[in-house]
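In what follows, chains are A, B, ... by sequence order, proteins preceding strands, each numbered from 1. Only this structure's heavy atoms are used, side chains among them; waters, hydrogens and symmetry mates stay out.
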Number of protein chains: 2
Amino acid sequence: MITFIVRGETKSKMSNLADRMEEYLKKLLTLSPSGYIDIKRKELANKFLCVPSQINYVLGTRFTLDKGYLVESKRGGRGYVRIKKLQLSVENLLSTFLKDIAAGGISDERARGIIQRLYELKYISLRESRLMETVLSCLKAVEDSSFRDELRGLLLRDMLLLLIKF
Amino acid sequence: MITFIVRGETKSKMSNLADRMEEYLKKLLTLSPSGYIDIKRKELANKFLCVPSQINYVLGTRFTLDKGYLVESKRGGRGYVRIKKLQLSVENLLSTFLKDIAAGGISDERARGIIQRLYELKYISLRESRLMETVLSCLKAVEDSSFRDELRGLLLRDMLLLLIKF
DNA sequence: ATTATAAAGGTCAGTAATGGTCAAAGTCTA
DNA sequence: TAGACTTTGACCATTACTGACCTTTATAAT
């Protein structure tokens, strides 16, 4: 295979920075017993000789929820970026729900159906399901129906995301 | 990497000064039968190798009233800083909260404080507290600030009433 | 008593250390 | 060569930490 040098690194013709970084991070993940890794954005950028925001690009295109990853971070001194690999079953289950929601809001019935499903599958407790249903009920107070649907989608998405983090 | 648990989250052991100091002080509090601890600002600063004002930063960000702590101090000779963990009953918590709502909504900070304390009092689980906090965060999407406060009050009231009923 | 001094603790603005966003420019590929 | 993918950099947001300067209090000196 023909290779060439870019910024000091040997690079195969078919791989760019983003791909190499993806590979590197996934390698680290497989080596991590905890199921997640913590990185420093700037350090990684230095290692790969790129700007820090490139990290965000890689995270945003390769480590998405749809692909089974969860990314959390903290700014400020001693900040970090944490990349977590989700269990496959949870990933599959939720990604369809989340896609639905992303497609611009969700109806009350559909939302309740999802909650019910999750409860039946034992991903959430009875109390948790009731809590979420209560939230849905409160949305009656929102007059604007299209905004209500949007807010409902937003709420359900964030609540589900939160619950799968645990 | 060695980790420890804070409110259900794993944190890297070598986190920042503020986090370590927070841990230390909370540990002392749990070991104190009286429910409060007295410290010397300068001594603590020496122990953690930082400037005294760092103590104030930690107190101001981690030991707030909203989070259920009361900080008193005295200057001058024989001065001290006293940190007290508040022990509020659910009844007190709810009654003051309901008064707040009657007065037209509730602030985000106040709402989070209530949730935090209910968790500490073991009336709600960690997941439930997180779920509610997520709901609060989603309210950012509501433009009208007075309606937002109102909706927040409504949501929190219904959620709490539900959880306490169970 | 009055005053001076030393021994606390408090404030705040500035700096450093992180991470995030977005649009523009560059590169590849069908 | 158009469209998709990649890369960059300017600007933003958040959190942590420091140090100079200020206030309060106890107590020793007068």
Problem set entry | Gap between atoms NZ and P, on B:K40 and D:dA26 respectively (whole Å) | 11 Å
Exercise. Rounded to whole angstroms, how far apart are CD on A:Q54 and P on D:dC5?
Worked result: 15 Å
Exercise. Salt bridge check: are A:E143 and A:R148 linked by an N-O gap of less than 4.0 Å?
Worked result: no
For this session: Classify the nucleic acid contact of B:G79 as base, sugar-phosphate or nothing, counting any heavy atom under 4.0 Å across all strands shown.
Result: sugar-phosphate
Exercise. Using a distance-only test with no angle check, is there a side-chain donor-acceptor pair under 3.5 angstrom linking A:S129 and A:R112?
Worked result: no
Exercise. At under 4.0 Å between heavy atoms, what does B:I39 touch on the DNA or RNA strands: base, sugar-phosphate, or nothing?
Worked result: sugar-phosphate
For this session: Name the nucleic acid region contacted by A:I55, choosing base, sugar-phosphate or nothing; use a 4.0 angstrom heavy-atom cut-off, strictly under.
Result: nothing
Problem set entry | Euclidean distance, atom CG of residue A:D19 to atom P of D:dC5 [Å, nearest integer] | 12 Å
For this session: Let me see the working for B:L160 and B:I114 under side chain to side chain contact (heavy atoms under 4.5 Å, CB included), right down to the final yes or no.
Result: CA-CA 10 Å; B:L160 294 185; B:I114 289 169; 3.9 Å; yes
Exercise. Which whole-number value in Å describes the distance from A:N16 CG to D:dT7 C1'?
Worked result: 10 Å
Exercise. How long is the line joining OH of B:Y80 and C1' of C:dG10, in whole Å?
Worked result: 15 Å
Exercise. Atom CG of B:L49 and atom P of D:dG19: how far apart are they, to the nearest Å?
Worked result: 13 Å
For this session: Report yes if at least one side-chain N or O of A:R78 is closer than 4.0 Å to OP1 or OP2 of D:dC17; otherwise report no.
Result: no
Seminar exercise, completed: B:L17 atom CG is separated from D:dA16 atom P, nearest whole Å, by 11 Å
Problem set entry | Length of the OH-P vector between A:Y57 and C:dG26, whole Å | 17 Å
Pairwise N/O distances under 3.5 Å, protein to nucleotides 20-23 of chain C:
from	atom 1	to	atom 2	distance (Å)
C:dG20	OP1	A:S73	OG	2.9
C:dG20	OP2	A:N56	ND2	2.8
C:dG20	O4'	A:R75	NH2	2.8
C:dG20	N7	A:R41	NH1	2.9
C:dG20	N7	A:R41	NH2	2.9

Exercise. Should we count CD of A:E23 as having more than 12 external heavy atoms under 6.0 Å?
Worked result: no
For this session: Check every strand shown and say whether A:R62 touches a base, only sugar-phosphate, or nothing at a heavy-atom separation below 4.0 Å.
Result: sugar-phosphate
Exercise. Is a salt bridge present between B:D19 and A:R78, judged by a nitrogen-to-oxygen distance below 4.0 Å?
Worked result: no
Problem set entry | Residue pairs, two or more places apart or on separate chains, that pass salt bridge (charged side-chain N to carboxylate O under 4.0 Å, His left out) and touch residues 36-51 of chain B | B:D38-B:R82
Exercise. Does CD belonging to A:Q116 count more than 12 external heavy atoms closer than 6.0 Å?
Worked result: yes
